[in-house]
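Notes for the one structure printed next.
Model, not experiment: these values are computed from the prediction. In each ligand, atom 1 is the first atom listed, and ligand 1 is the first ligand listed.
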Amino acid sequence: MLGAPGAGKGTQAKKLIEEFGIPQISTGDILRANIAQGTPLGKEAKGFMDRGELVPDKVVLGLVEDRLKQPDCKKGFILDGFPRNTAQAQALDGMLAGIGMPLQLAVSVDVPFEDLMKRLTGRRTCRTCGQMYNVYFTPSKKEGVCDKDGGELFQRDDDKEETIKKRLQVYESQTAPLIDYYSGKGIVRKIAGTGSISDIYGKIKAELEKTK
Ligand code: AP5
Ligand code: MG
């Protein structure tokens, strides 16, 4: 899943997990879990994330390499928020060649810049199940409480206006070039990321069906 911060990568990946039963590998989620647990890796990553910068490649590549070795990846996986620059994409090509599972599709979710700020400042996430809400677009029934499991909703540390601006700049300069990288391999599908979450999901699913 390629797309700017707030494009809906995580939202769509979670729907894909439910339907296809394959794991989502979100480097952002893995890094946040490390921060919450206070691991050395989390301590190393926190400063970069709070500034809206990319965490160094060697840290992220190690995480992904370990995750891909888990047995639940044997049937396939959804990468969300990784790779993030050309060096990571090249390293990923090497890892996937090693396990004989080349990337089949790079779904690029495209949302106009002006919509992203509202999506990110309004985002709330359940601390226990990870379900995402948005106070402007998709609020929970009861403020601050998850509809699914009653968990507490929190706001991400990097969803502050200044940090969001930096994340969007980093996306434009370092991550957006990956659309051309994967276009060159003939696997990019561009999806308009505006409209309802289920309509966007329908479009992604249609592209997946074509690759079968
Ligand atoms: P990461 O966690 O990957 O964040 P991101 O790329 O900035 O993307 P987001 O998670 O903010 O957005 P999303 O596209 O998942 O949108 P969502 O579905 O939540 O990375 C965070 C940080 O970790 C990075 O800045 C970096 O420091 C580090 N990092 C992570 N990976 C790294 C890597 N590979 N290398 C180096 N560093 C790395 O949706 C957003 C909101 O919009 C939600 O509220 C949702 O409800 C709402 N929404 C979704 N769809 C719709 C819709 N159709 N209409 C209205 N609202 C919608
Ligand atoms: Mg996400």
In Å and rounded to the nearest 0.5 Å, what is the [atom1] to [atom2] distance from [X] to [Y]?
X: Ile164; Y: Leu116; atom1: CD1; atom2: CG; result: 9.5 Å
X: Asp93; Y: Gln88; atom1: CG; atom2: CD; result: 12.0 Å
X: Lys15; Y: Ile204; atom1: NZ; atom2: CD1; result: 10.0 Å
X: Thr11; Y: Ile200; atom1: OG1; atom2: CD1; result: 9.0 Å

* Asked: Does Lys203 NZ have over 12 foreign heavy atoms under 6.0 Å away?
  -> yes
Show me which atoms of ligand 1 lie under 4.0 Å from any heavy atom of [X].
X: Gly10; value: 13 (P), 15 (O), 18 (O)
X: Ile200; value: 53 (N)
X: Glu53; value: 26 (C), 27 (O)
X: Pro5; value: 5 (P), 7 (O), 8 (O), 12 (O)
X: Thr138; value: 46 (O)
X: Gln88; value: 33 (C), 34 (N), 35 (N), 36 (C)
X: Phe137; value: 55 (C), 56 (N)
X: Arg32; value: 2 (O), 21 (C)

Could you tell me which non-hydrogen atom of [X] sits nearest to which non-hydrogen atom of [Y], and how far apart they are?
X: Glu18; Y: Lys148; result: OE2-NZ, 3.5 Å
X: Tyr182; Y: Ala89; result: OH-CB, 3.6 Å
X: Leu105; Y: Thr211; result: CD1-CG2, 3.4 Å

Using a 4.0 Å heavy-atom cut-off, say whether [X] meets ligand 1 through its side chain, its backbone, both or neither.
X: Arg167; result: side chain
X: Ala4; result: backbone
X: Leu120; result: side chain
X: Tyr171; result: neither
X: Asp57; result: neither

Selection from [options] by shortest heavy-atom distance to [atom]:
atom: atom 4 (O) of ligand 1; options: Met49, Arg156, Arg124; answer: Arg156
atom: atom 33 (C) of ligand 1; options: Val60, Ile25, Leu168; answer: Val60
atom: atom 29 (N) of ligand 1; options: Leu31, Thr163, Thr121; answer: Leu31
atom: atom 3 (O) of ligand 1; options: Arg119, Arg84, Lys14, Lys9; answer: Arg84

* Asked: Given side chains that start at C-beta, do those of Pro23 and Arg67 come closer than 4.5 Å, heavy atoms only?
  ->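 Yes, close enough: below the 4.5 Å cut-off.
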* Indicate yes or no: at least one non-hydrogen side-chain atom of Glu207 is less than 4.5 angstrom from one of Val107. => no
Sub-4.0 Å heavy-atom contact, [X] with ligand 1:
X: Pro83; answer: no
X: Ala7; answer: yes
X: Arg51; answer: no
X: Gln12; answer: no
X: Ala13; answer: no

* Asked: Any chain of hydrophobic side-chain contacts (each under 4.5 Å) joining Val109 to Leu16?
  -> yes
* Asked: Do Val135 and Leu153 belong together in a cluster built from hydrophobic side chains that touch within less than 4.5 Å?
  ->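 No; tracing contacts between hydrophobic side chains, which count when under 4.5 Å, never links both residues.
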Ligand 1 N/O within reach of [X] N/O, cut-off under 3.5 Å:
X: Ser26; answer: no
X: Asp158; answer: no
X: Gly122; answer: no
X: Gly6; answer: yes
X: Asp29; answer: no
X: Gly3; answer: no
X: Asp159; answer: no
X: Met132; answer: no

When you check the side-chain N and O atoms of [X] and [Y], is any donor under 3.5 Å from an acceptor?
X: Asp158; Y: Thr163; answer: no
X: Asp147; Y: Ser140; answer: no
X: Tyr201; Y: Glu19; answer: yes

* **Within 45° cone and under 6.0 Å: Arg127 NZ/CZ vs Phe154 ring** =>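 That pair qualifies as a cation-pi contact.
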* Asked: Checking Arg84 against Phe82: charged group under 6.0 Å from the ring centre and within 45 degrees of the axis?
  ->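 Judged by the rule, Arg84 and Phe82 form no cation-pi pair.
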